[in-house]
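Since the structure comes first, as structure tokens, the remarks are kept for the end.
From a predicted model like this one, the values you see are computed outputs, not experimental measurements.
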Amino acid sequence: HGLMSMLIATGLSFGMIATVNPARVMADEKQVTTTNNKSGRVDQTRDDHSVHFDWTLVNGKLTIKDGASFEFPFVGFPLISLLPYDQNGIDSKEVKQIVFEGGKITGDGRDFLAKFTEVTDIDASKLDVSELTNAERFFFNAHKLKTIDISGSSWHHNQINNMENMFADSAITTIKGLSELDISNVTTLGGIFNLSVTSDPYQWTKTVADGIKNWDVSQNQDFQLMFWAYSKPTYHFGINSSMLWIDISNWNMTPSPELDTELMLQDIQQITLGKNTNFQLRPEAFNPTIHNSPTDPNKQFTYYLDENTVINVPLTGTGNWQFVGDGNPLYPAGGSLTAKAIEDQYQVGVEHPQEPRTFVFEHNTNLNLNVDESDVKLAAGQTFDPKESFKSLTAPGDASTVITPNRPLTYDEAVKLGLKVTGTDKIDYDKGGTFPITYHFHGKEATVKLTVPAKAHPTTPSNNGRGSSTPTTTATPT
């Protein structure tokens with residue numbers, strides 16, 4: 001079982017699953033074809049499954065009508081293999097969207113919605129999965145699939161015990177209902193999100209990281225290859241599909257002899273672990289839970305300041321990680337350590353750190369602090385605003401650090417990254433005087449000399465003496 005997830009994800013064993021013996025088919029399949037749409041009904045009864053459903057295909061939208069029944073007591077069958085495929089039937093490449101208006105699937109649903117190579121959207125929110133036990137490769141191998149909706153109530157209360165490769169090998173960016181997905185009975189999560197081919201790593205990472213943060217994984221034993229990715233472009237996919245960050249600090253990973261975390265957190269550049277994080281490798285394991293950071297000098301650490309602003313900075317090339325501590329992922333404050341040193345802290349049987357800890361690929365960040373250091377003289381009634389003297393944070397002149405889009409960072413963004421301003425608490429607006437105001441940003445400093453007139457009162461925000469301000473006024477007694 002060790003690396004079976006990877007073999008399955010590459011499609012090496014997929015073809016065996018949908019083998020059909022025509023002699024065993026007892027079916028009545030009817031379909032009607034018009035110029036712009038198709039429709040039909042499938043009724044199949046076999047030794048190993050019973051399916052009954054009406055379907056329509058209109059302008060690329062495949063609709064499975066309410067009342068559909070899919071019973072798979074032994075082994076699952078892909079929906080694509082159940083649909084008619086003769087000259088009046090469905091070519092899978094015609095299907096761009098799949099919607100279930102209702103219906104129920106029971107038993108083994110492995111591969112059920114796999115292999116729809118042109119589908120971009122699947123709405124399974126109204127599909128009753130309350131008696132589904134196996135969701136292995138349920139949405140597997142759909143390289144254009146962007147959005148999945150599993151927000152229906154039965155997805156929140158089900159009997160699924162296997163989700164291996166459930167969302168693997170697809171281009172998903174959004175999974176509606178992921179945070180409510182019931183995994184309380186699941187014992188196999190191996191490869192559930194592996195081999196992503198998304199073109200939007202930020203949205204994909206946010207979808208998964210937010211969705212799984214509070215999952216109940218207490219019954220799961222197979223965590224291997226959960227987020228395994230193409231760490232570099234391949235002959236098949238020209239992108240790096242690694243997730244950017246993950247936070248499993250709230251997970252309760254139950255120790256047991258069967259616990260397997262081989263390659264669980266491979267190639268994720270930022271990980272947050274908690275007191276109930278437990279790592280364990282089987283004796284036959286070839287790979288660790290966490291890899292060292294890349295030593296390739298061309299690799300970078302990618303930090304999303306927000307959805308639209310990306311900062312890429314060079315890795316140190318040491319292969320080490322760094323503890324974030326009191327810093328932030330772009331400017332970590334903790335020490336450097338190896339992947340093994342992190343893994344050792346969270347081994348089964350070892351006393352773990354009790355507070356959540358975040359680790360990142362070790363990198364070098366060198367943003368320039370730009371402050372207008374000319375003297376500031378306030379007029380009576382003005383107050384000092386540190387934003388006025390701050391100009392920007394910018395990337396250095398070389399190509400080592402890149403801000404996309406190419407723009408200076410604002411005061412508020414600088415504060416988010418660790419900018420501190422000292423001296424403002426010493427300003428005496430009653431007595432006046434001269435006060436040094438210092439901007440601190442990760443070892444870089446700039447000081448502004450502020451002059452405040454005596455008996456000035458903080459009634460009106462200023463522009464730091466560089467223009468007009470609203471004068472103070474005295475209320476007229478009535």
Side-chain angles (χ1 to χ4, degrees), residues 9 11 14 17-18 37-38 42 51 53-70 72 76-83 90-106 108-130 132 134-156 158 160 162-183 191-200 203-204 207-208 211-212:
F14 185 89
I17 295 169
N37 59 73
K38 301 175 182 179
V42 175
V51 297
F53 63 98
D54 293 296
W55 60 271
T56 63
L57 179 64
V58 180
N59 297 325
K61 178 181 177 181
L62 174 63
T63 301
I64 306 300
K65 297 297 184 178
D66 193 12
S69 174
F70 304 92
F72 305 113
F77 280 79
L79 176 63
I80 196 171
S81 71
L82 299 170
L83 291 163
I90 294 177
D91 181 342
S92 66
K93 294 182 179 179
E94 297 179 86
V95 182
K96 312 297 182 185
Q97 180 183 9
I98 301 175
V99 175
F100 288 84
E101 292 184 343
K104 185 172 185 177
I105 180 171
T106 62
D108 190 330
R110 74 183 74 180
D111 305 298
F112 185 59
L113 295 175
K115 286 288 188 178
F116 282 96
T117 57
E118 299 298 317
V119 165
T120 61
D121 181 275
I122 295 177
D123 184 350
S125 59
K126 294 181 180 179
L127 178 63
D128 185 346
V129 297
S130 59
L132 180 67
N134 188 352
E136 182 180 353
R137 300 189 301 271
F138 203 84
F139 302 99
F140 174 76
N141 201 216
H143 294 161
K144 294 186 179 179
L145 181 58
K146 302 288 187 183
T147 302
I148 295 173
D149 189 343
I150 52 172
S151 61
S153 60
S154 73
W155 289 97
H156 306 164
N158 60 67
I160 301 173
N162 185 350
M163 292 186 180
E164 184 175 358
N165 287 307
M166 184 174 177
F167 303 103
D169 206 15
S170 66
I172 301 169
T173 56
T174 302
I175 306 175
K176 299 176 183 177
L178 183 62
S179 60
E180 292 81 31
L181 179 62
D182 180 8
I183 65 163
I192 184 172
F193 299 111
N194 75 5
L195 295 170
S196 166
V197 293
T198 182
S199 59
D200 189 346
Q203 185 58 45
W204 169 235
T207 289
V208 175
I212 71 173

Donor-acceptor pair, D111 side chain versus A114 backbone, under 3.5 Å? no
A side-chain contact here means heavy atoms from C-beta on lying under 4.5 Å apart; do D169 and H143 qualify? yes
Are side-chain heavy atoms of Q97 and V95 found at a separation under 4.5 Å? no
Does a side-chain heavy-atom distance below 4.5 Å link F167 with I192? yes
Any side-chain heavy atom of M163 within less than 4.5 Å of one from L181? yes
Between F139 and I150, is there a side-chain heavy-atom distance shorter than 4.5 Å? yes
Modelled atom types, side-chain donor and acceptor of N37 and N59, under 3.5 Å: no
Nearest 0.5 Å please: distance from the OG atom of S153 over to the NZ atom of K126. 11.5 Å
Given side chains that start at C-beta, do those of L113 and F140 come closer than 4.5 Å, heavy atoms only? no
Would F72 and F112 count as a side chain to side chain contact (heavy atoms under 4.5 Å, CB included) here? Give the steps. CA-CA 10 Å; F72 305 113; F112 185 59; 4.1 Å; yes
Given 3.5 Å as the limit, does a donor-acceptor pair link the side chain of H156 with the main chain of S151, or not? yes
Answer yes or no: is there a donor N or O on one side and an acceptor on the other, between the side chain of T120 and the main chain of L145, under 3.5 Å? no
Taking all non-hydrogen atoms of both residues into account, name the closest pair between I105 and F138 and its distance. CD1-CE1, 4.2 Å
Indicate yes or no for a side-chain donor-acceptor contact from D182 to the backbone of N158 under 3.5 Å, with no hydrogens or angles considered. yes
Identify the two heavy atoms, one from D108 and one from L132, that lie closest to each other, and give their separation to 0.1 Å. C-CD1, 4.4 Å
Donor-acceptor under 3.5 Å (S154 side chain, L127 main chain): yes
Closer than 4.0 angstrom, basic N to acidic O: yes or no for K93 and E118? no
Walk me through whether K38 and W55 qualify under side chain to side chain contact (heavy atoms under 4.5 Å, CB included). CA-CA 8 Å; K38 301 175 182 179; W55 60 271; 3.8 Å; yes
Are F53 and L83 close enough that some pair of their side-chain heavy atoms sits under 4.5 Å apart? yes
Could you please spell out the steps behind the side chain to side chain contact (heavy atoms under 4.5 Å, CB included) verdict for T147 and K176? CA-CA 8 Å; T147 302; K176 299 176 183 177; 4.3 Å; yes
Give me the atom names and distance for the closest heavy-atom approach of G103 to D66. N-OD1, 3.5 Å
So do K104 and S130 actually touch side chain to side chain, heavy atoms under 4.5 Å? yes
For a quick test of reading the model, state the closest non-hydrogen atom pair linking K146 to A171 and the distance between them. CD-O, 3.6 Å
Has Q203 got a side-chain atom pairing as donor or acceptor with D200's backbone, closer than 3.5 angstrom? no
Are there over 12 heavy-atom neighbours, none belonging to K96, within less than 6.0 Å of that residue's NZ? yes
Working to the nearest 0.5 Å, report the span between CD1 of I122 and CD1 of I175. 11.0 Å
Between K65 and T56, what is the shortest heavy-atom contact and its length? CE-CG2, 3.7 Å
Euclidean distance, W155 CH2 relative to I148 CD1, rounded to 0.5 Å: 8.5 Å
If every non-hydrogen atom of A142 is compared with every non-hydrogen atom of F116, which pair is closest and at what distance? CB-O, 3.7 Å
Derivation of the side chain to side chain contact (heavy atoms under 4.5 Å, CB included) call for T207 and F193: CA-CA 11 Å; T207 289; F193 299 111; over 6 Å; no
